[in-house]
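Residue numbers start from 1 in every chain, and the chains themselves are labelled A, B, ... in the order their sequence lines are given, proteins ahead of strands.
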Amino acid sequence: MIIGACLVLLILGLALVSFIWTPYDPSEIDPAARLQSGSLAHPFGTDRFGRDTLTWVMYGARITLLVGVVAVAIAQLIGTPIGIIAALFAKQPWGVWIDAVIMRANDILLAFPALLLAIIFAAVFSPGTGPAMIAVGIAAIPGFARVARSGTLQVLGSEYVRAARASNRRVPAIAAVHVLPNIAGMVIVQASVAFAISVLAEAGLSFLGLGTQAPVPSWGRMLQESQQFLSTHPELALWPGVFIALAVLGFNLLGDGLRDRFDPKMEAKRA
Amino acid sequence: SDSGDDAEQKDSMSVAFTAEPVNLDFTSTSGVAIPEALMENVYESLVRLDGDGEIQPALAKDWTLSDDRKTYTFQLQDGVKFSNGADLTSEDVKFSYERVQKDWKNALKSKMDIVKSIDTPDDSTVTIELKKPSNTWLFNLTSLVGAVFDTEGTKDLANEAIGTGPFEIEKFTRGQTIDFAARDDYWGEKPALKTVQFKYFKDAVSASNALKSGEIDLVSNLQAPELAGEFQSDDYQIVSGTTNGEVVLSMNNADGIFKDKKAREAVMYAIDRKAVLDTAWAGYGELIGSMVPPTDPYYEDLTGVWKHDPEKAKQLVADAGIKGEEFSFTVPNLPYAKAISEIVSAQLEEVGLKANIETQEFPAVWLDKTFTEHDFDMSVINHAEPRDILTVFSNDYYIGYDDSTTKKIAEKADTGTEEEYISGMKEIAKTITEDAASDFLFLFPNLVIAKSDIEGIPANRVSDAFKIADLSWN
Amino acid sequence: MLNYALSRAIQFALSLLVASVVVFALMSLLPGNAAQVALGTNATPEAVAALEAQYGLDRPPVIRYFDWVGGMLGGDFGTSYVTGAAITPVIIDSVQVTAILVIAAILLSILIAVPLGTFAALEQRSWIGVTISAASQIGIAIPNFLAAIILVIIFSLTLGWFPSQGWMAPVEGIGGFFLRLVLPVVSLALVQAAILTRYVRSAVLDVMREDYIRTARAKGLTRTKALFAHGLRNAAIPVITVAGVQLATLLVGAVIIEQIFVLPGIGSELVRAVANRDLVAVQGIVMVLVLLVLIINLIVDILVPVVDPRIRNAA
Amino acid sequence: MPENLLEVDGLTITPAGAETPVLHDVSLSLAPGERVGLIGESGSGKSLTAQSVMGLLPDELHARGHVQLQGHHGNLLDANEKTLAGLRSDIVSMVFQEPMSALNPLMRIGDQIAEVLRIHGKAPRAQIPARVGALLTDVRMPDPDSARFAYPHQMSGGQRQRVMLAIALANSPQLLICDEPTTALDVTVQRHMLDLIAERVAAVHAGLLFITHDLAVVAGVCDRVIVMYQGRIVETGTVTEIFTDPQHEYTRGLLASSDLEATDDNGRLFTLRTALSYAGPVASPGEADSKAAHAGAAGEAGATNQNDARRPAGEVTAPGNTAHGNGASGNVATDDDGGAASAKDSVPLIDVTDVTRVFKGRGLLGRRRADVTALGGVDFSVAAGERLGIVGESGSGKSTLLNILSGLDRPTTGHVRVGDIRVEAASSQALRTLRENLQIVFQDPFASLDPRMRVADIVAEPLIAAGVDKDERMSRVEEMIAAVDLDAHSLGRYPHQFSGGQRQRISIARALVTRPQILIADEPVSALDVSVRAQVLNLLTDLVDDYALTLLFVSHDLGVVKHLCSQLIVMKDGRIVESGATEDIYANPQQEYTRKLIAATPNLTDALASSG
Ligand SMILES: Nc1ncnc2c1ncn2[C@@H]1O[C@H](COP(=O)(O)OP(=O)(O)OP(=O)(O)O)[C@@H](O)[C@H]1O
Ligand SMILES: Nc1ncnc2c1ncn2[C@@H]1O[C@H](COP(=O)(O)OP(=O)(O)OP(=O)(O)O)[C@@H](O)[C@H]1O
Ligand SMILES: [Mg+2]
Ligand SMILES: [Mg+2]
């Protein structure tokens with residue numbers, strides 16, 4: 001948890017600092033200084049255009065976070081309400097079929113993995129960060145919907161919701177006051193896991209050429225372009241690889257930690 | 001396929017390519033992939049180009065041109081058989097060339113528009129009359145439009161290729177491989193290799209890995225030139241020749257920011273082509289300065305016309321009234337184009353030209369948006385067809401070059417004598433370059449990496465074909 | 001159970017139907033068209049229009065949709081405009097490749113993950129257990145294409161043990177088939193195994209906390225034996241679900257591996273079809289992928305009750 | 001001195017990383033054939049003691065001391081898992097508390113029993129099926145031949161617990177440990193289990209270590225009692241010694257507060273605090289009854305006008321039951337409540353007429369299930385100010401009934417009137433009015449409070465719904481919190497920072513904050529420890545008086561109902577099988593079911609009487 005949070009903060013820090021300061025301009029080309037190894041001037045070395053790798057890693061953190069934030073936001077803002085609404089309907093005798101329809105639609109969406117959507121989206125909207133993160137986000141909707149639905153069902157079945165209903169609280173109020181805060185934990189856990197997945201997805205898509213495009217720096221792109229230098233300048237692949245791994249690791253560990261924290265079993269134990 | 005032991009290696013070879021043929025029918029599908037595999041290997045034309053760009057006899061052992069320079073009379077080779085067993089006759093030639101005019105879908109068919117009539121006085125003689133004299137027509141015959149089909153051999157062109165060439169296709173696994181087998185009944189000199197496999201690699205790294213681990217023997221036109229460095233040893237040979245591909249930083253002459261010649265000139269001064277070549281393509285390739293490769297008869301070194309001069313560029317930018325507005329730079333998602341776009345946009349930015357890079361899927365989206373709808377300000381593409389200067393810089397092509405001057409020169413040149421033709425074409429090339437119609441970044445190299453004991457590798461790729469009959473093991 | 005099977009079958013068919021509409025609609029959004037791509041840089045608008053007409057692209061979408069669905073029901077995915085060949089055999093061939101690749105990878109990852117995850121759970125506190133957990137966390141964080149690149153460099157380019165790419169059908173040579181399969185399968189399996197190890201470990205940990213394990217120990221089984229006799233089958237239930245999801249994502253997710261190893265799988269076929277605007281092929285491939293994912297979900301849904309009598313009876 | 005079966009000496013258990021032990025210096029011994037009860041409040045270390053003997057302590061706990069078992073030389077605490085495995089079930093075995101989760105859900109019952117036989121190789125392979133059959137018969141499993149092929153989820157809690165017992169007894173161990181084996185079971189089922197355990201233990205002449213917090217149960221099963229409190233043994237002795245002459249303050253408190261028939265000078269149940277004046281259980285049932293009656297009269301002055309509560313319940317039918325008998329008993333019951341004439345002709349506050357509730361199996365895309373008839377024609381009425389107890393085994397429809405009364409659920413057929421609101425047809429506006437006047441206290445003090453809300457918000461929730469403005473809300477919440485004896489600091493805290501009893505107070509405060517006329521309590525104390533139970537019951541009694549509430553009290557614990565309620569409804573399978581004044585039904589139950597229910601309810605007095 002702590003390690004995870006630190007890693008996430010590191011990535012976040014890199015991205016934030018890149019707005020204020022980077023060692024070089026990311027598009028600053030210096031053919032004379034191309035393909036250098038780590039040095040004082042370029043701690044992580046330079047790429048084939050003589051651009052500073054450290055600068056690129058810092059800028060890449062932005063894209064990684066952007067993709068993660070947008071994808072997770074899409075998935076969460078659509079998936080969570082869908083799950084809650086489905087669960088609310090499931091609790092009404094006349095609404096069971098609405099729940100069934102929503103969840104089946106959700107299952108169908110599940111049949112379109114992120115990569116499939118991304119390939120199609122890249123073709124429809126031309127490849128880029130935008131379509132990639134939308135695809136990743138849409139593909140993550142079912143996960144959120146499921147978590148939100150099962151969490152909501154659990155909350156709705158609880159005695160305290162029965163108590164709230166007995167105290168005349170209306171459904172929207174119950175959803176806002178009881179359901180949301182109580183499923184927030186699970187949704188946050190899901191979000192951090194989805195974040196980790198989206199980092200990997202962005203890298204994979206950029207690697208396929210379906211993600212972030214030139215001239216925007218991204219770790220996936222760096223990795224892709226470093227391929228032809230693997231045997232001559234492996235550090236070109238090393239840095240983006242390491243940072244992708246760190247970001248994924250960070251969000252996964254954070255998710256694990258949050259899961260432990262929000263785990264009802266743990267809660268009972270702490271009580 | 002497996003490289004196997006030495007004895008086996010003597011007559012088989014596995015060759016890596018990048019662009020894969022979606023089918024075997026170049027009469028209805030465009031692109032370099034199909035002719036690359038089939039021309040001169042399976043299909044042959046009456047004439048062919050040699051490595052120096054000279055026209056040489058092929059199915060026609062001889063030909064004559066009438067005095068009015070309008071009628072060609074070809075004498076066919078004897079004993080030529082198609083791979084389906086049929087004999088080559090003059091009827092086949094007539095059938096094939098008329099079919100270009102009638103049935104071809106490939107837009108290159110227009111190269112046969114000039115043909116007025118085809119006669120077959122006897123089985124081995126073909127007489128072709130042109131509407132007007134043309135210096136380019138015979139040259140065009142060396143390309144795929146010249147391919148000769150059997151009258152019975154065009155039923156399923158997409159899947160079955162029947163030609164007169166030294167090889168026939170044994171197996172076509174779409175998207176992966178083409179297996180060629182040498183024909184016993186080939187009319188000409190027998191190729192050294194019995195079987196050749198073309199293997200298609202989207203990814204240059206995979207191809208280079210395959211070469212390193214011995215799974216293939218030769219990589220034709222490596223699309224990641226940085227990898228060539230890994231093969232600098234006695235086990236491999238690196239052959240870097242020329243192609244017909246001019247990498248053009250094309251500008252929209254008809255519309256937008258680059259309608260203004262000053263803006264185009266600014267680009268010409270802003271670009272350091274040597275740096276582009278060195279960083280984007282590892283220095284492989286040749287600076288040309290015009291739309292003409294050195295292998296063309298009318299080549300002239302125009303690299304000195306526009307010298308790298310950022311200060312002049314900045315001045316021109318100011319003169320053109322450009323104040324940092326973004327222009328659209330549509331980049332096909334091809335390795336060379338993407339790499340070039342990164343350095344070019346950086347160089348342009350230095351002189352105050354801000355490119356908004358939009359990567360477009362190639363071919364689908366680029367063809368649609370940039371090429372057909374002309375929705376672009378700047379783009380970059382390798383124009384790979386031979387002698388395409390007049391096509392690319394014609395009025396209705398995507399660049400929108402005003403061809404009112406060059407068109408007249410071209411007409412005269414084509415109908416004139418050989419010398420007139422060459423001088424005319426030189427003039428055209430120079431005019432276009434001086435007009436700053438587009439920036440000719442460099443000539444795309446033909447970068448071949450092969451095991452060191454392979455001989456007959458065509459250094460220059462001046463025609464559509466990759467001729468495998470020349471290849472052999474040492 | 002019969003009722004359950006029936007309702008599952010209906011759901012399955014409905015899902016497919018909806019998916020087919022979605023896929024068809026998505027395809028009509030694709031910019032650029034097959035006729036244009038086929039004709040290339042020298043096309044004239046008339047030629048493009050003529051070719052469109054020949055392909056039938058000028059017919060109303062509804063008609064094209066029903067044509068397409070009708071064909072698929074008969075097992076015919078249509079003929080590609082671009083390649084001029086029937087789609088069905090292409091799909092069958094490429095699905096085989098991907099299926100072999102992906103199933104082998106999942107099996108291998110299960111073979112790795114189940115013992116490793118179980119061991120990590122049993123030895124939760126020992127340094128081996130902690131190491132396994134840490135390694136699986138790191139494994140999850142490594143993109144599979146990076147693993148593939150590294151494996152190629154080590155085992156193909158340096159050691160020369162395996163080919164770096166390519167595919168050989170089993171009929172062409174069983175040895176070559178396996179040799180070529182090793183690296184792609186391992187690169188997929190390693191990362192999957194890392195993910196699965198984590199799930200197995202947590203499932204086993206959960207199970208070990210269960211009362212019936214305590215009961216089993218009270219019966220006189222040691223902790224380990226109790227886990228094997230009672231725990232693993234229970235732990236299998238969440239693991240089956242996860243493996244199903246992994247299998248489904250890998251079907252498309254393997255495309256990067258297919259590209260790196262130049263394997264003629266369904267993912268590569270899809271990328272190629274999209275690039276060539278081979279709509280008929282794209283539609284067919286996407287439908288097949290959706291179908292496969294739905295089938296995998298169905299199998300998981302059926303497998304879980306087989307293992308778990310509670311669900312079996314509820315159904 | 002004969003060697004003891006079990007000898008525990010100085011057992012001290014400390015959680016990893018903690019300073020203070022959770023179990024301090026526990027020593028006890030158990031002779032062959034002896035039956036020892038281990039009692040104490042929740043968390044006092046009973047289970048840990050038992051787990052140490054089984055060698056099943058959680059890894060994160062460190063045990064010191066000495067545990068010696070007959071047939072094994074050396075300290076069990078030092079033995080490795082393999083040695084322990086050899087002892088478990090062979091020499092010592094255990095029945096656990098939770099029958100629902102103690103069996104492997106994926107394995108047939110028969111196989112799970114056979115496994116224990118196989119492990120220790122006591123029976124030759126070929127004889128295992130026969131032995132399994134015999135064991136199932138021994139534990140009185142109905143239809144033992146088909147039961148062995150059943151999966152755990154296909155069995156009721158009681159049946160599963162029988163399987164557990166069969167497993168525990170399979171290898172005829174010398175020592176059987178039962179860790180609260182019946183707390184999850186219905187009273188009637190509990191009774192059976194207890195009898196069975198006693199019988200089987202006697203049959204194989206095993207020692208028994210019986211853990212419970214229910215004194216009555218211990219009194220019925222054991223010879224000797226060990227009392228634990230806060231991780232220490234505070235007292236041991238024979239059942240009679242402990243229950244008649246408890247030495248330790250805690251034991252006395254426990255005894256006092258579990259006696260629902262004894263009250264202090266204020267007519268309140270004894271709690272740990274007031275236990276000093278407790279005189280011990282009264283041996284004569286008659287005396288106890290009169291005492292309770294007296295207490296009721298003293299405590300509920302003015303609340304005894306419940307005559308009209310029991311209309312003849314003509315429609316009540318129960319299987320094998322003559323419907324009209326109930327009505328008769330009901331009428332008889334009303335008569336002996338004197339001084340109730342004033343309310344005789346007033347309209348009852350609550351009127352329930354022929355209410356049924358059928359839960360449909362899911363339709364359309366969901367899975368089909370058989371319909372469940374949760375309520376099958378229920379009639380009764382409640383007069384204002386009455387205290388009605390509703391008892392019945394689990395699943396008899398009690399909660400469903402309450403949901404319908406409070407408008408949380410609608411009846412399938414029938415009419416419900418509360419005040420002048422027709423609940424089954426009420427508009428949402430009417431329902432709101434209803435719920436302001438009718439509030440519920442739920443069973444589980446842990447589950448009925450939103451863990452993520454502060455106490456102030458929890459208690460204020462009904463007021464927010466009623467549209468009460470902020471200032472008044474605050475003052476009423478504070479008032480209510482004071483009324484349930486919580487201090488004002490509590491308002492800013494979260495539920496998990498309170499004990500079970502305190503949480504139930506919060507939940508009572510929430511229920512009463514709108515000043516309802518009717519309070520429904522759905523098993524409000526069944527999740528609480530006995531000592532806490534007494535406190536909450538006392539509080540409820542006070543509040544019902546202070547606020548002049550009409551009380552509907554649901555419970556499966558007849559003792560509690562008897563203490564609190566003057567009227568009683570007995571439910572079974574969604575029907576009322578008997579109704580009337582509590583005293584009458586107790587004294588003279590008309591239905592077999594009611595009789596069983598009464599008989600099965602553990603009663604300390606009776607247990608002592610029978611054991612003594
Ligand atoms: N694994 C553990 N780690 C830390 N503390 C524990 C653990 N298990 C039990 N305890 C603590 O030990 C004490 C005794 O627990 P134990 O389970 O023996 O109580 P008990 O008397 O059986 O209670 P109950 O009647 O609720 O079952 C409690 O305070 C509990 O919190
Ligand atoms: N929402 C529901 N859907 C289907 N069946 C239900 C539902 N609620 C209750 N039941 C069924 O109705 C019957 C009566 O349930 P109810 O909760 O009223 O019993 P209870 O007497 O309160 O039991 P307990 O003492 O366990 O609380 C049970 O068989 C239960 O399974
Ligand atoms: Mg050219
Ligand atoms: Mg306990």
Side-chain angles (χ1 to χ4, degrees), chain B residues 1-2 20-25 28-31 104-111 156-159 173-177 199-203 205-216 230 333 360-369 371-372 381 383-385 388 391-392 396-398, chain C residues 30-45 47-48 50-51 54 80-85 89-90 93-94 149 152-153 155-158 160-169 172-173 176 179-180 259-264 268-269 271-278 281:
Chain B
S1 76
D2 273 334
E20 59 190 38
V22 291
N23 58 43
L24 297 179
D25 181 10
S28 65
T29 309
S30 73
W104 275 40
K105 300 259 160 36
N106 189 332
L108 295 175
K109 65 185 277 193
S110 60
K111 291 183 174 175
D156 185 14
L157 283 176
N159 298 298
T173 313
R174 192 167 290 110
Q176 300 167 58
T177 50
K199 202 160 167 34
Y200 293 94
F201 290 85
K202 250 212 171 78
D203 180 19
V205 177
S206 303
S208 123
N209 286 345
L211 179 61
K212 259 190 251 170
S213 57
E215 295 150 72
I216 53 169
E230 297 176 24
N333 63 341
Q360 293 183 337
E361 207 187 329
F362 188 86
V365 178
W366 189 86
L367 277 186
D368 190 37
K369 294 271 190 291
F371 185 79
T372 308
I381 191 85
H383 284 285
E385 274 90 23
D388 50 5
T391 326
V392 173
D396 44 6
Y397 215 65
Y398 75 109
Chain C
L30 283 189
N33 72 52
Q36 174 90 59
V37 173
L39 294 180
T41 43
N42 300 304
T44 61
V48 172
L51 199 60
Q54 187 191 324
S80 161
Y81 313 135
V82 178
T83 66
V90 175
D93 287 351
S94 60
I149 294 170
V152 167
I153 291 179
F155 292 102
S156 180
L157 302 186
T158 309
W161 291 355
F162 304 102
S164 67
Q165 50 75 43
W167 171 258
M168 186 182 272
E172 293 173 41
L179 220 54
R180 279 170 178 71
Q259 303 257 304
I260 290 177
F261 289 100
V262 200
L263 303 176
S268 302
E269 205 59 56
V271 170
R272 172 179 306 122
V274 168
N276 293 324
R277 287 301 181 271
D278 193 346

With chain C, which of B:Lys202, B:Glu20, B:Lys109 has the greatest number of heavy-atom pairs at distances under 4.5 Å?
B:Glu20
Identify which part of B:Thr173 has an atom lying under 4.5 Å from any heavy atom of chain C, answering side chain, backbone, both or neither.
neither
Atom of B:Gly175, atom of C:Arg272 and distance for their closest heavy-atom approach
O-NH2, 3.3 Å
Tell me the closest heavy-atom pair linking B:Lys199 and B:Ile216, and the distance in Å.
CD-CG2, 4.1 Å
Interatomic distance, C:Ser156 atom OG to C:Trp161 atom CH2 [nearest 0.5 angstrom]:
12.0 Å
Which region of B:Asn209, side chain (C-beta onward) or backbone (N, CA, C, O), has a non-hydrogen atom less than 4.5 Å from a non-hydrogen atom of chain C, or is it both or neither?
both
Does any donor atom in the side chain of B:Glu215 or C:Ser164 lie under 3.5 Å from an acceptor atom in the other side chain?
yes
Under 3.5 Å donor-acceptor, C:Ser94 side chain and C:Val90 backbone
yes
Less than 4.5 Å to any heavy atom of chain C: does that hold for the side chain of B:Tyr200, its backbone, both, or neither?
backbone
Which of the residues C:Leu263, C:Val262, C:Ile149, C:Leu157 is involved in the greatest number of heavy-atom pairs with chain B at under 4.5 angstrom?
C:Leu157
